[in-house]
Structures are given as C-alpha cells and as structure tokens.
Amino acid sequence: TIYDRNGRILAIQAPDYGFTIRAEKDKIQQISSFLSDYSDYDAVEIASLLEKGETFIPLTSSITNPQIDMLNVRIKEESLSSYIEFSEKETRHYPYNIASSILGCAPTPTKGNGGIEELFNDTLKAMGEIGKTTVHGSSITLTLDSEIQAILEEVKKELDKKKQEEVKENNNIVENTVNEIANVIE
C-alpha cells in the first residue's frame, strides 16, 4: 500500500471479482448475454472482448458469499459451468486517481511500472500466496499530500483547457485573415 503524508491510501493491492472465461466460438453469444447482467459491459462489448481473447470479465461491484453461491447456481442452470468460473484477481487500485506520473502503475501484483511502483517494487510487490490468500508486500508513506496534489492537478487541467481555447482562437484568426492554416495543435 502507498500512503500520502496524511495516511490516505494512494495505491492498494485488492481483489477484483469477476469471471474467468473459457469461451468457445459457438458459446460466445450465450456467455456474453449471461455476463452482461453482472458487468458494466453490455453483451456486444463482452463478445468483442472474448473474440479478442480476453479471459477475465470484471463484476460491476463487490459481491458477498451468498451472492457468489447464487451466481454459481445460475451458471450451472444455464449450462455454462464449463465455460464460466467466478474468480478473483489481485490488482492495484488507485482510489484518488491522482499523481499517476509520480506513482506509476502495477499491471501485475509483482511488477511495478514507472514511478514509485517501479522504484519500490521489491518493497511493495506481493510475496505470493498462502492457500488462496495473497501475501502483500510492505507499505510506504510519501511526503506527497493528496489534497494539495488534487488541487494542483485541477488547476493544471483548467490552465491547459484555457491554453487550448486561446490557441484555437488564434488559429481561427489566422485562418480567417490569411485563408490558410498556419499550424494545428491537437
């Protein structure tokens, strides 16, 4: 876990719940339709993901053990138990979605990519599993203040927006007076 100076969680290892899929071409539509009831994706999006080889479809929200049991019953009733399995997958979560260039990311529980995640990978990475429980790495605390960081990022976003509007206005003036485009910023 990565904390800011005030003890707020900036990054945490936690499970994502969803479905591990073993899809055969002739079952993709049935599987997609079933999963769309439990995912933020609709059936067409799920079918597209499955056709591209995706094997994990996340749930829309956390789920309780009784709900898991009911879900497994429904999977059996639909004759999908050889294609769909309820599962959990350890991932890094960034609850504030700030300081991404500082934090970096961790695409897997054991590999940091860029920023603090890469620099302190050996400290933060999951140590493996004991049974079905992931053994998490150590935590670190940064001097960064997440509230100040969020304000700074919002100010930067507004300045970037204003700058884009000014550039757009200037390009329009050039285009209208000279009748050709001098430069374009996208």
Side-chain angles (χ1 to χ4, degrees), residues 1-21 35-42 45-46 48-49 52 54-72 85-169 185-186:
T1 304
I2 301 174
Y3 296 97
D4 80 346
R5 70 176 354 157
N6 300 310
R8 291 183 195 92
I9 295 172
L10 298 175
I12 188 168
Q13 191 75 23
D16 272 347
Y17 298 98
F19 304 95
T20 300
I21 311 299
L35 294 177
S36 67
D37 291 343
Y38 303 99
S39 175
D40 286 335
Y41 300 111
D42 64 30
E45 292 169 316
I46 293 171
S48 176
L49 290 169
K52 291 177 185 172
E54 183 63 50
T55 59
F56 184 81
I57 305 295
L59 280 169
T60 54
S61 61
S62 61
I63 190 167
T64 64
N65 285 333
Q67 290 171 320
I68 292 170
D69 294 339
M70 287 174 40
L71 191 54
N72 284 327
E85 181 182 341
F86 178 80
S87 60
E88 72 178 57
K89 175 176 142 182
E90 286 287 324
T91 57
R92 294 292 272 175
H93 294 267
Y94 303 89
Y96 290 104
N97 198 22
I98 59 168
S100 57
S101 61
I102 297 167
L103 294 175
C105 66
T108 71
T110 59
K111 179 75 174 119
N113 187 1
I116 298 296
E117 292 281 10
E118 186 172 339
L119 187 64
F120 289 95
N121 187 62
D122 289 340
T123 303
L124 294 165
K125 72 180 179 182
M127 303 301 179
E129 292 187 2
I130 297 176
K132 290 189 173 189
T133 304
T134 299
V135 179
H136 300 286
S138 298
S139 297
I140 61 172
T141 301
L142 305 179
T143 57
L144 181 133
D145 184 313
S146 60
E147 288 182 7
I148 294 172
Q149 182 68 28
I151 292 167
L152 291 173
E153 289 185 18
E154 189 61 36
V155 168
K156 183 184 181 308
K157 189 188 309 181
E158 289 299 317
L159 288 173
D160 287 346
K161 183 179 174 184
K162 188 174 182 177
K163 182 178 177 183
Q164 287 296 328
E165 289 170 2
E166 288 173 6
V167 168
K168 196 173 186 179
E169 286 175 20
I185 298 174
E186 295 182 5

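Because only heavy atoms are used, hydrogens play no part in the values below, and waters and symmetry mates are left out as well, while side chains stay in.
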About how many Å separate [atom2] of [Y] and [atom1] of [X], when rounded to the nearest 0.5 Å?
| X | Y | atom1 | atom2 | result |
| --- | --- | --- | --- | --- |
| Ile68 | Phe86 | CD1 | CZ | 4.0 Å |
| Cys105 | Asn113 | SG | CG | 4.5 Å |
| Glu118 | Asn121 | CD | CG | 7.5 Å |
| Thr1 | Ile12 | OG1 | CD1 | 4.0 Å |
| Lys156 | Lys161 | NZ | NZ | 14.5 Å |
| Ile46 | Tyr41 | CD1 | OH | 8.5 Å |

#### Entry: side-chain contact (heavy atoms from CB on, under 4.5 Å) evaluation trace for Phe19 with Ser87
CA-CA 5 Å; Phe19 304 95; Ser87 60; 5.7 Å; no

### Task
Walk me through it: do Tyr94 and Glu117 pass the test side chain to side chain donor-acceptor pair (under 3.5 Å)?
CA-CA 12 Å; Tyr94 303 89; Glu117 292 281 10; 2.8 Å; yes

Smallest separation among heavy atoms of [X] and [Y], with atom names:
| X | Y | value |
| --- | --- | --- |
| Leu10 | Ser146 | CD2-CB, 3.7 Å |
| Asp145 | Asn6 | OD2-ND2, 3.0 Å |
| Phe56 | Tyr17 | CZ-C, 3.9 Å |

### Task
Go through the side-chain N and O atoms of Tyr96 and Glu153 and say whether any donor and acceptor fall under 3.5 Å apart.
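Result is no, nothing qualifies.
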
### Task
State which residues pass side-chain hydrogen bond (donor to acceptor under 3.5 Å, both in side chains) with Glu154; sequence neighbours excluded, sorted by chain then number.
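Once residues adjacent in sequence are excluded, Glu154 has no partner under the side-chain hydrogen bond (donor to acceptor under 3.5 Å, both in side chains) criterion.
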
#### Entry: Audit row: Ile21, Leu35, side-chain contact (heavy atoms from CB on, under 4.5 Å) steps and yes/no
CA-CA 10 Å; Ile21 311 299; Leu35 294 177; 3.5 Å; yes

### Message
Under the rule for side-chain contact (heavy atoms from CB on, under 4.5 Å), what residues qualify as partners of Asp69, not counting sequence neighbours?
### Response
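Asp69 satisfies side-chain contact (heavy atoms from CB on, under 4.5 Å) with no other residue.
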
#### Entry: side-chain contact (heavy atoms from CB on, under 4.5 Å) evaluation trace for Leu103 with Ile2
CA-CA 9 Å; Leu103 294 175; Ile2 301 174; 4.0 Å; yes

### Task
Give the C-alpha distance, both sets of side-chain angles, the deciding distance and a yes or no for side-chain contact (heavy atoms from CB on, under 4.5 Å) between Ser138 and Leu124.
CA-CA 5 Å; Ser138 298; Leu124 294 165; over 6 Å; no

### Message
I'd like to know if Arg8 and Glu147 make a salt bridge, using a cut-off of under 4.0 Å between side-chain N and carboxylate O.
### Response
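A salt bridge is present here (some side-chain N lies under 4.0 Å from a carboxylate O).
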
### Asp4 vs Thr141 side-chain heavy atoms within contact, under 4.5 Å
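Counting from C-beta outward, Asp4 and Thr141 never come under 4.5 Å.
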
